[in-house]
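The next block holds one structure in the form of structure tokens; read it before the comments.
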Amino acid sequence: MNMPFYVAPEQMMKDRADYARKGIARGRALVAVQYADGILLVAENPSNMLRKISEIYDRIAFAGVGKYNEFDQLRRFGVRNADVKGYSYSRDDVEARSLANDYAQILGQTFTHEVKPLEVEILIAEVGPTAAEDQLFHILYDGTLVDEKGMSVLGGDADAIAERLKAVWSATDDLATALAKCAAALAGPDRRIASDDTEVGVLARSNGRRCFQRVPDEQVRAILGS
Amino acid sequence: MRVPLFTSEHDPGSNFTALLKMVGLDPFGSTKGVEGVVAAPHGTTVLALRYADGVVMAGDRRATMGTRIANREMEKVVPADRFSGVAISGTAGVAMDMIKLFQLQLEHYEKIDGRPISLEGKANQLSQMIKANLGAAMQGLAVIPIFAGYDLIRRTGRLWDFDITGGRYEEREFVATGSGMGPAATVLKVGYRPGQSATEAVELACRALWEAAEVDAATGGPDALRGIYPVVATISADGWRAIDDDELASVFERLAAAQRSGREAAS
């Protein structure tokens with residue numbers, strides 16, 4: 001009988017975490033902040049078709065960084081669960097917290113039991129009736145669930161971006177001001193991100209039932225310059 | 001009934017009904033194995049017509065069960081999404097469920113796929129739902145909708161009516177269904193002018209419902225006492241817009257005044 005090589009659990013987890021972190025760090029980052037009318041999500045994304053930011057439900061948005069096929073599968077999972085829950089109970093019963101828990105379970109399970117961890121970090125944002133009730137759930141590749149206040153940064157170089165953003169961010173900024181600050185924080189001091197490579201979405205309290213809206217390219221260009 | 005993460009061969013794609021079936025919530029399964037004919041409240045008389053910039057949809061508010069008025073303020077004309085609407089005559093409960101499912105299907109597709117279904121695709125989806133309901137229809141639970149909307153590709157208003165088997169027929173000018181369809185369609189036929197304005201089309205729709213309510217007991221007329229008026233909406237390039245009750249009240253006031261003066265002139 002062949003005996004498998006013994007690998008200490010600490011080492012195994014560390015290897016997996018390194019693998020996932022490397023995969024995520026290769027991709028571009030994404031930020032979400034509260035602004036005057038809700039939550040603003042900004043991603044550096046050269047593609048106009050493969051989205052990082054999208055709508056889950058009336059007040060809930062999804063954002064993911066890392067491997068596209070993996071976070072897109074998680075996005076579909078979220079849309080499906082939200083729609084089925086809203087269908088069998090009520091639209092009021094769909095909330096970010098339970099969805100974020102489901103995601104944490106999936107990512108945690110995959111991290112410990114599968115051969116390869118998911119190389120993604122995701123964010124579930126919910127805009128509340130007032131700014132105090134806004135929620136940002138940041139879920140890491142190993143299922144760690146973080147309930148963040150005011151702003152959240154995902155992806156490679158997250159710490160540096162968060163530091164830059166924290167220095168200027170204010171929850172009462174209007175859309176244009178908040179977007180300019182986010183884009184500057186994403187780019188850093190030595191770089192500028194072209195507005196065409198910026199994907200922007202909002203969860204706006206003033207949008208009616210479906211709060212999520214993509215900010216059109218023309219508007220992004222007008223705010224950031226081309 | 002939590003939805004699992006699907007493997008690629010089991011993935012239901014953007015089809016919401018298929019997804020519901022996979023998690024054990026078959027929306028059309030409830031009447032299977034039920035024998036005989038079921039009596040349930042019915043909704044009646046809905047219509048749609050084209051005008052210069054799109055379509056007008058309208059429907060009365062009454063639901064009846066035999067000769068009893070089951071509900072006075074049922075909304076049988078509702079937006080399906082921003083650029084389309086659905087109006088339903090037939091068994092109220094089944095119809096409401098179908099509308100809910102249809103609205104969800106359109107939104108679900110849009111979210112999963114990242115873009116909305118074409119207007120014709122939406123009509124086709126509704127047609128498949130009516131077809132799936134055929135078993136229930138044979139037990140007296142038929143639903144006959146009208147679907148109308150603004151086609152963003154062709155830049156025009158379009159409308160469809162359906163039969164009980166899911167047959168889908170695009171109409172060029174107008175359509176009315178439900179128990180008051182006879183008088184309503186006659187009014188529309190006489191009053192219809194191609195390229196008429198929204199105001200004219202709304203007034204014509206109101207007159208058609210008024211005449212239907214005059215002769216059909218199952219169709220509710222404007223109820224000034226309770227402030228209940230038919231649902232009337234326009235759908236154009238700007239999307240769905242419901243006409244508010246004050247505006248409808250004045251339209252019906254004008255119609256009533258015209259009838260009064262007509263009668264005085266005759267005597």
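Below, chains carry the letters A, B, ... as their sequence lines are ordered, and counting in each starts from 1. The analysis underlying the following values was restricted to heavy atoms, covering all of them including side chains, and did not include hydrogens, waters or symmetry mates.
- Heavy atoms of R51(A) lying under 4.5 Å from chain B are absent altogether.
- No more than 12 heavy atoms of other residues, nucleotides or ligands sit less than 6.0 Å from atom NZ of K14(A).
- Aromatic ring pairs are classed by plane angle as parallel below 30°, tilted from 30° to 60° and perpendicular above 60°; the pair F147(B) and F102(B) is perpendicular.
- For the pair I122(A) and G64(A), the tightest heavy-atom approach, listed with the atom from each and the gap, is CG2-CA, 4.0 Å.
- Remark: K100(B) is positioned above the aromatic ring of Y87(A), its terminal NZ or CZ atom under 6.0 angstrom from the ring centre and at most 45 degrees off the axis.
- Looking at Y57(A), both its backbone and its side chain come within 4.5 Å of chain B, counting heavy atoms on both sides.
- Between T177(B) and S89(B), the closest heavy-atom pair is OG1-OG, 3.0 Å.
- At a 4.5 Å heavy-atom cutoff, the contact between D58(A) and chain B is made by side-chain atoms alone.
- With a threshold of 4.5 angstrom between heavy atoms, F16(B) approaches chain A through side-chain atoms but not through N, CA, C or O.
- Between the side chains of S47(A) and N45(A), not a single donor N or O lies within less than 3.5 Å of an accepting N or O.
- Near-neighbour residues of residues 91-109 of chain A relative to chain B, defined by a heavy atom under 4.5 Å from a heavy atom of that chain, comprise R91(A), D102(A), I106(A).
- Only the side chain of L20(B) comes within contact range of chain A, with heavy atoms under 4.5 Å apart.
- In this structure a side-chain-to-backbone donor-acceptor pair under 3.5 Å is missing from R158(B) to G149(B).
- Contacts of R214(A) with chain B are absent, with no heavy-atom separation under 4.5 Å from either backbone or side chain.
- When all heavy atoms of I235(B) and M57(B) are compared, the pair lying nearest together is CD1-SD, 3.9 Å.
- When heavy atoms are compared at a cutoff of 4.5 Å, L5(B) approaches chain A by way of both its backbone and its side chain.
- Between the side chain of E133(A) and the backbone N or O of E126(A), no donor-acceptor pair lies under 3.5 Å.
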